[in-house]
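Inspection log for the structure reproduced underneath, given as structure tokens.
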Amino acid sequence: MNAWISFTFVACLFAASAETASNLVCYYDSSSYTREGLGKLLNTELEVGAQFCTHLVYGYAGIRGENLQAYSLNENLDIYKHQFSEVTSLKRKYPHLQVLLSVGGDHDIDVDHPNKYIELLEGEKVRQIGFIRSAYDLVKTYGFDGLDLAYQFPKNKPRKVHGDLGTAWKSIKKLFTGDFVVDPQAALHKEQFTAFVRDVKDSLRADGFLLSLTVLPNVNSTWYFDIPALNGLVDFVNLAAFDFLTPARNPDEADYSAPIYHPDASKDRLVHLNADFQVDYWLKQGFPSTKLNLGVATYGNAWKLTRDSGLDGVPVVPATKGAAPEGFQSQKPGLLSYAEICGKLSNPNNQYLKGNDSPLRRIADPTKKFGGIAYRPEDGQITEGLWVSYDDPDAASNKASYVRVKNLGGVALFDLSYDDFRGQCTADKYPILRAIKYRL
Ligand SMILES: *[C@@H]1O[C@H](CO)[C@@H](O)[C@H](O)[C@H]1NC(C)=O
């Protein structure tokens, strides 16, 4: 009898702990609908992926420069072609799915109002109310389950590369001049953001709408998030813990762009540029682990190599030359979707190709801590050297294991359209999404 009770008790505990890491928050970047060619993600393919997700985050709405109200960044698609409604209607078929509308991200670029996110925080209450009403209206009108704020804050300055001689002096100078300060008003903006989120939350409460935050890459949580205060206001937080180094920000050196742990202190790397540091920071501030989702990217950051970058591909790779040319599918310089990276690795179709068409070599990561690397050095016939840091399904699965060990809420995947949604690589559609799902 007693043994039976304790067996049941243990079984329940096990069931409870197995249930904690259950969120799979999938970002859907609707600009993938308008991409040309194989990168175009249509709704039938979206649906295949959405079945695996607990939440779908529709990206992105923006803030209108003139009046600071929330609005669709592509009304033709979202509203006239009914994409908002089509996507939220997936819930009818998959009742476990919750669909949120995300405002911000790195898509809402407005040269006339580059500072509008900060202006909204600093602005008068009536302007904030205008934003909050318009955001609420979008959520309500198109059948979303809630709102995600992928709020644009000034980003960390990238690490500068300089000769050995200058390094010591510059780091001393930095201590005195505060070279890393990107926003002298950060403390104020942090306070304003908390108040703003409180008002947003109030507007959503009556309908029971969800509110989540996306912490964008290279936005410093210490400066902008009052974590203890936000805890009571948001349902969960998605930490975009990737793009720590990118060819746009770090053109002269290539490194792991989304390691779980700090790779190697001897190479002068900054200690906070890894997922574990970011997660720990939120946990140390008392944020509940089960409300924190670790962001995983489905694309890689790709640098152009030069002859001076060497042949071994081991990061930190010196003398790179910014972004590698755009992929046919990604259509963004320096960015390759997982499907594209996979296609460049050695396979029966390309293994005998030479020169600039030769396959990439892989550097394995037996530690499971840093993610994958594939590269082709500039050498002999090869004049277009390439080095890419990315998470393949195994690396993504390692991150899901990390999430379980840390008892986090789950994984946030950025985004569905860069996973191999057509199954071009191994005939498995959405291999990264699946790998995470199986591990969680
Ligand atoms: C924010 O930046 C400071 C200064 O570079 C750094 O010490 C701190 O660890 C950063 N915080 C996070 C959460 O990355």
Side-chain angles (χ1 to χ4, degrees), residues 104 106 117-118 121 149-162 166-194 197 212-231 234 236-246 248-250 253 255-265 267-289 291-297 301 316 369-371 389 399 402-403 406 408-409 412 414:
D106 292 323
Y117 284 76
I118 294 298
L121 293 183
L149 295 174
Y151 214 84
Q152 289 180 6
F153 287 108
K155 300 210 177 224
N156 287 337
K157 282 194 183 157
R159 195 171 87 99
K160 285 200 191 77
V161 175
H162 19 66
T167 316
W169 163 241
K170 281 200 177 125
S171 56
I172 292 167
K173 202 170 107 193
K174 231 182 219 174
L175 272 179
F176 294 110
T177 59
D179 192 20
F180 58 82
V181 173
V182 291
D183 176 7
Q185 302 271 61
L188 177 64
H189 295 145
K190 182 183 194 172
E191 216 179 291
Q192 290 168 333
F193 184 67
T194 311
V197 172
S212 62
L213 297 183
T214 298
V215 179
L216 294 176
N218 299 303
V219 167
N220 189 319
S221 293
T222 315
W223 297 339
Y224 294 111
F225 299 102
D226 181 350
I227 294 170
L230 291 172
N231 176 15
V234 299
F236 53 86
V237 166
N238 304 315
L239 273 184
F242 49 81
D243 286 353
F244 290 114
L245 273 87
T246 70
R249 288 168 54 84
N250 314 84
E253 61 178 353
D255 200 357
Y256 296 110
S257 54
I260 304 179
Y261 296 102
H262 186 52
D264 178 357
K267 294 199 174 173
D268 198 21
R269 288 170 164 126
L270 298 175
V271 289
H272 55 283
L273 303 189
N274 55 83
D276 184 58
F277 184 98
Q278 297 300 320
V279 165
D280 252 14
Y281 181 76
W282 278 76
L283 300 182
K284 278 193 193 121
Q285 301 290 311
F287 199 74
S289 63
K291 284 167 68 170
L292 197 59
N293 301 320
L294 176 63
V296 174
N301 282 293
V316 181
K369 289 179 176 173
F370 311 126
S389 163
K399 286 187 173 170
Y402 171 89
V403 160
K406 287 267 176 178
L408 303 184
F414 294 75

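In this text, all values refer to a predicted model and were calculated from it rather than measured experimentally. Each ligand, and each atom within it, is numbered from 1 in the order the structure gives.
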>> Is it true that, when you exclude K291 itself, more than 12 heavy atoms of the residues, nucleotides or ligands shown sit nearer than 6.0 Å to its NZ?
In response: yes
>> If you take the nearest heavy atom of each of N220, V181, T222, which one is closest to atom 3 (C) of ligand 1?
In response: N220
> Which residue from K157, Q278, K284, H272 reaches closest to atom 5 (O) of ligand 1 through any of its heavy atoms?
Replying inline: H272
>> Can you tell me how far apart CG (D243) and CG (L216) are? Round to the nearest 0.5 Å.
In response: 10.0 Å
>> To the nearest 0.5 Å, what is the distance between CG on D255 and CG on N301?
In response: 11.0 Å
>> Would you say atom 7 (O) of ligand 1 makes contact with the protein, given that contact here means a non-hydrogen protein atom less than 4.0 Å away?
In response: no
> Parallel under 30°, tilted from 30 to 60°, perpendicular over 60°: which one fits the rings of W282 and F287?
Replying inline: perpendicular
> Can you tell me which residue and heavy atom of the protein come closest to atom 9 (O) of ligand 1, and the distance to 0.1 Å?
Replying inline: F277 CZ, 3.5 Å
>> Would you say the ring centers of F193 and F153 fall short of 6.0 Å from each other?
In response: yes
>> I'd like to check whether S221 has a polar contact with ligand 1, where a contact means an N/O of the residue lying under 3.5 Å from an N/O of the ligand.
In response: no
